[in-house]
Protein chains: 2
Amino acid sequence: MSQQDKMIEELFHNADELTEKQKKIVAAAIESFAEKGFAATSTSEIAKKAGVAEGTIFRHYKTKKDLLMAIVAPTMAKLIAPFVIKDFNKVLNHDFDHFEDFIKAIIENRIKFLKNNMSLFRIVIQEIPFQPELREQFKEHIAQKIIERLRQIVEHYQAKGQIIEMPPDTIIRVTLSTIFGYIIARYLLAPEEEWDDNTEIERTIQFLMNGLSLEK
Amino acid sequence: MSQQDKMIEELFHNADELTEKQKKIVAAAIESFAEKGFAATSTSEIAKKAGVAEGTIFRHYKTKKDLLMAIVAPTMAKLIAPFVIKDFNKVLNHDFDHFEDFIKAIIENRIKFLKNNMSLFRIVIQEIPFQPELREQFKEHIAQKIIERLRQIVEHYQAKGQIIEMPPDTIIRVTLSTIFGYIIARYLLAPEEEWDDNTEIERTIQFLMNGLSLEK
DNA sequence: TATGAAAGTGAGTAATCACTCACTAATTTA
DNA sequence: TAAATTAGTGAGTGATTACTCACTTTCATA
């Protein structure tokens, strides 16, 4: 089973059962959307790549944009899944006495996820600027929830005296900048270069902790 | 004359040579490309917005992609202009004894530029994933030269004992992540929120310096 | 095995696409 | 001023677009 197949299966594991042809449509769409972008991909091209008639696409998805949303919405949901589980704070605070351990765990977990879903991640960040519907969904349901959670986490570790006194939103911003900066550089800007991932992640965390901790 | 020089030359001198209609075409194209993306913008739409006949666009630009390139290439050149001037290192090393001052100056200068050219910046980062020609140009002529320069700067301040011993490329990566993270959050993700820019930039630099300096 | 519903098909459709071209208008050059 | 060059036009082009629909095939259940 290929990487793509694994990705697709994971994505729709809990969703309604899809027919073989439907799965192939989704897989073909993901491939083309990630490579050429949503607007530059035609439905005839997707049908050809998926080995189905063009009409089959519209049997399952009312419009081309519906197909995009069917791909992107569950991806965003999965991306933030670890942040919206019940008792997120409790679990974390119990498991991680130090902010550094929390950051490490989150980074490793989410990088692993994104590594296995790079095409989907590509589509999300490439289409968010162009799809108001998608942007709205991201802002209201995704970003806000995550930031609210993260704010609590930051305040918790600030109270424990582990990270500097700075507005939590600023700390969240620079932290996410650092993490996504690594992911984008590693997997999108220079994926062909040689990367010692473990070392590079360690350095990134070192920089982050230096920047945020009270003492050295 | 190098590619860059030519681009810069073109940028500064060609502006006067454009006819009124041509200027309107470029302005309309920038507006639409930034808003809807290159692929989703039609030439008829640009012509209508510019108040010219559609044929006029193709009188000056052979293809729609040529129009995009005529907009984007000089923008990239302008963005990196401060990094490719002659005696870049000398000037900087003379003026800035501390890495922090250098960072401050660059951030302020480039944020000011991007603030005034946000539509163009949008187009560049939105289209780089989809235009191989653009990506190639960016990588070969832009990114490499900048990184080479920045590497020298980083090594210089490392030798002076002002920033931590870490591979210069890693330091450049986290630094650029932090800076672009601010710009993207400030002007693209949440431009409607209230921002105390001076304070927020100060905090960002504080985080950056904490993360990169040897002592506190 | 019969039947209805869902899945799948592909030719067809109107609209739109990037681009052309024969032409006129304006400007530069001789 | 005359000729030559450039700027501007807009109807017209074939190709492609997202999407439809009458039809056939597949398949679960009675």
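The structure displayed is predicted, hence computed values, not measured ones. Chain naming here is simple, since letters A, B, ... match the order of the sequence lines and numbering starts at 1 in each.
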Got a sec: does the CD of Glu155(B) have more than 12 other heavy atoms crowding it under 6.0 Å? yes

Across nucleotides 10-23 of chain D, 5' to 3', mark each nucleotide with B, S or - according to how protein heavy atoms within less than 4.0 Å reach it. B------SBBB-B-

CD of Glu17(B) versus P of dT6(D): gap in Å, rounded? 13 Å

Tell me the interatomic distance from Gln22(B), atom CD, to dA7(D), atom P, rounded to whole angstroms. 7 Å

Round to the nearest Å and state the distance from Asp66(B) atom CG to dA18(C) atom C1'. 12 Å

OH of Tyr61(A) versus P of dG8(C): gap in Å, rounded? 11 Å

Do Arg203(A) and Glu200(A) meet the salt-bridge criterion of a basic N to acidic O distance under 4.0 Å? yes

Is any side-chain nitrogen or oxygen of His60(B) closer than 4.0 Å to OP1 or OP2 of dG8(D)? yes

Report all side-chain donor-acceptor pairs from residues 121-131 of chain A shorter than 3.5 Å, counting only partners two or more places apart or in another chain.
{"from": "Glu127(A)", "atom 1": "OE2", "to": "Phe38(A)", "atom 2": "N", "distance (Å)": "3.0"}

Taking atom C1' of dG8(D) as reference, at what distance in whole Å does atom CD1 of Ile57(B) sit? 12 Å

What is the separation between atom NZ on Lys21(A) and atom C1' on dT25(D), rounded to the nearest whole Å? 11 Å

Grab the NZ-P distance between Lys23(A) and dA7(C) for me, whole Å please. 14 Å

Thinking salt bridges, do Glu20(A) and Lys23(A) make one under a 4.0 Å N-O criterion? yes

Contacts under 3.5 angstrom, residues 51-58 of chain B side chains, donor-acceptor by atom type, not counting sequence neighbours:
{"from": "Glu54(B)", "atom 1": "OE2", "to": "Thr43(B)", "atom 2": "OG1", "distance (Å)": "2.8"}
{"from": "Glu54(B)", "atom 1": "OE2", "to": "Ser44(B)", "atom 2": "N", "distance (Å)": "3.4"}
{"from": "Thr56(B)", "atom 1": "OG1", "to": "Ala53(B)", "atom 2": "O", "distance (Å)": "3.2"}

Mark yes or no: Arg110(A) above the aromatic ring of Phe113(A), with NZ or CZ under 6.0 Å from the six-membered ring centre and no more than 45 degrees from the axis. yes

